[in-house]
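Heads up, the thing below is written out as C-alpha cells.
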Amino acid sequence: MAILSSLRRRSAAISVAAVAGATAVGVCLAVSSASAGTLSGSLYRDPSSAVVRWVAANPGDSRTAVIRDKIASQPQARWFANFNPSTVQSEVSGFIGAANAAQQIPVLAVYEITNRDCGGASAGGAPDLNQYQTWVSNFARGLGNQTVIIILETDSLALLTCLSTAEINARNQAISTATRTIKSGNPNAKVYLDGGHSTWNSAGETANRLRAAGVQYADGFFTNVSNYNSTSSEANFGRAVISSLNGMGISGKRQVIDTSRNGGASGDWCGDDNTDRRIGQYPTTNTGDANIDAYLWVKPPGEADGCRFTAGSFQPDLAFSLANGAPNPPTTTPPTTPPPTTTPPTTTPPTTTPPTTPPPNTTPPAGDGCYASIAVNQWAGGFTASVTVTAGKSDINGWTVTVALPGGAVTSAWNAQVSGTSGTVGFANVSYNGRVLGRQSTTFGFQGTGTGPGVLADCVTS
C-alpha cells in the first residue's frame, strides 16, 4: 500500500508534512526503568515494515548491516493514511493483536484529515469531515483495550494557511471528536495532537491551536515529525507549550518528540538531499523527563520527503546516510511480563470487558429512513456506548435516535446533541454528520453512570 509523505520549504527552518509507510513501524526497545512520564513499557517493532522487508530482500548489500542494526531493529510508527473505511478496522485490529501478543506498545500515526497537507506532496485524506468521522469510528473499533499510542494528524494544527476560518473551526471540531471517539473505543489509548515543532509557530500560538482542537480530551501533543530540530530544543518548546496550556486551565498534558532524524546537523530542509543528518535518540518511553512521555520514531528513517524521490518511498541510500556513523542502539532484554496499562482519567471508565455488539435494535427500513445499532461497554457503575446510524435506500439530511435508559444517566456525548439524561434520551446529529448517503453510516457515542442502554427505541430522519 503506497503512503505519501512530504516536507516543505518554510522561512527560516520550517518544514512540514509527514509521511510514511503503511507497514512501517518498529520496536522492541525494552525499558530498564520506569519512565518519568505516564508511559512505561517497550515499544512494538513491526516485522513487516518497509525497512525490515528491504533488509530481508538484500542480505548481500554493503549497506544492509548498518541499516539492519540501527534502523530496522527499532520501533517506528505505522501510518494509517489511506481512506479505507470498510477495511481499516480489520487492519488496525491485526496490527494491535500482534503488538499485544508481543507484550509491547504499538505506535499508530493517523493521517486522514480532509485537505491534509494543504494540497502538498501528501495531499489527500477523507473526502469530507463526515466521512472522516466514519473512518475514525471504524479505526477506533480495532484498537482493543491495551495501551496504544496514537499520533493524531501530523501538521493538521500547525499548517492552517490554506483553510478559511470556518474550515479551521470545522477541523478543530473534527479532531476533538476524533480524540474522544478513539478514547471511547479504547480508554487506555494515549492520544497526542499536532504541536508542530520549535521553529514553526510560537509556543503560545501552538497552545491556542491545541486548546481549540480539544487537547483537554487528549493526553498531550507531539512535535518534530516534520523537522529535524534537536531534542533539547523540542523539549524546551514543549515546556513552554505546557506552561501556556496550564495558564489556560488545561493541566496534565505531556509531549512526545520525534527523534527519528534529529541526530545531526540541521542542514537543508529536505531530507532527500541532506547527507549530514543522522538518526537521533533511539525510541523509548524511558525519557527521564516528567513532561515527555516518549521519544518516538514517527517519520520512518529512510522514507523520502518528496523532493528527489516519491514521498513515502523507502530509499536505502537515505537510510544508510542517517544510520552510518550513528551510535549503536542500547542492548536490552525483552520483557517477560506484559507492560502495565495506564490508569485512565477519572472521567474515563476502566476497561473490563470489550464492547459487545448486538444486532441493530431498530428495524432497517425497506426504503428511505434510518436505523441504528449499538455497542455497549459496561463496567461496575458505568458504561460507554457507540451508536452507528445507517441511512436507508436514500440519502438523509438529519437524524435523531432515541435511547431507552431506565437504569442509568448520560454524563457526556460526542458526535451528537443530547436531550435528557435518563429514561428516554434523544440524540440528534450535529452540523457535520447530519447528511448520510444512502446505505452509508455515521457514528456517535455517549458515556454514563449506572446501567447502559438495552435497546434503541427509534431512529428517525429530520
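Index from 1, following the sequence.
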Please enumerate all residues that pass salt bridge (charged side-chain N to carboxylate O under 4.0 Å, His left out) together with [X], with sequence neighbours excluded.
{"X": "Asp317", "result": "Arg63"}
{"X": "Glu205", "result": "Arg209"}
{"X": "Asp69", "result": "none"}
{"X": "Arg239", "result": "Asp289"}

Problem - Note: Lys183-Asp219 ion pair, threshold 4.0 Å (strictly below) - result: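 Yes, this pair counts.
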
Problem - Residue pairs fulfilling salt bridge (charged side-chain N to carboxylate O under 4.0 Å, His left out) with at least one residue in residues 243-252, sequence neighbours excluded - result: none

Practice task
List in chain and number order the residues that pass ring-ring contact (aromatic ring centres under 6.0 Å, His included) with Phe427, two or more places apart in sequence or in another chain; answer none if no residue qualifies.
Solution key: Phe444, Phe446

Tell me whether [X] contacts the main-chain N or O of [Y] through its side chain, where contact means a donor paired with an acceptor under 3.5 Å.
{"X": "Asp194", "Y": "Thr154", "value": "no"}
{"X": "Arg261", "Y": "Leu322", "value": "no"}
{"X": "Asn58", "Y": "Trp54", "value": "yes"}
{"X": "Asn201", "Y": "Thr206", "value": "no"}
{"X": "Thr114", "Y": "Asp128", "value": "yes"}
{"X": "Arg171", "Y": "Asn115", "value": "yes"}

Those residues that, when tested against [X], pass side chain to side chain donor-acceptor pair (under 3.5 Å) (two or more places apart):
{"X": "Ser244", "result": "none"}
{"X": "Asn138", "result": "Arg141"}
{"X": "Thr134", "result": "none"}

Problem - Ala323: side chain to side chain contact (heavy atoms under 4.5 Å, CB included) partners, not counting sequence neighbours - result: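 Counting only residues at least two positions away or on another chain, Ala323 forms a side chain to side chain contact (heavy atoms under 4.5 Å, CB included) with Val66, Lys70, Ile71.
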
Exercise for the section: With sequence neighbours left out, write down each residue that passes side chain to side chain contact (heavy atoms under 4.5 Å, CB included) with Ser251, or none if nothing qualifies. Expected result: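 Ser251: side chain to side chain contact (heavy atoms under 4.5 Å, CB included) contacts with Asn246.
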
Is it true that the side chains of [X] and [Y] contain a donor and an acceptor less than 3.5 Å apart?
{"X": "Gln281", "Y": "Thr231", "value": "no"}
{"X": "Asn224", "Y": "Thr259", "value": "no"}
{"X": "Asn286", "Y": "Thr284", "value": "no"}

Problem - Where at least one partner belongs to residues 136-163, residue pairs that pass ring pair (Phe, Tyr, Trp, His ring centres under 6.0 Å), sequence neighbours excluded - result: Phe80-Phe139, Trp135-Phe139

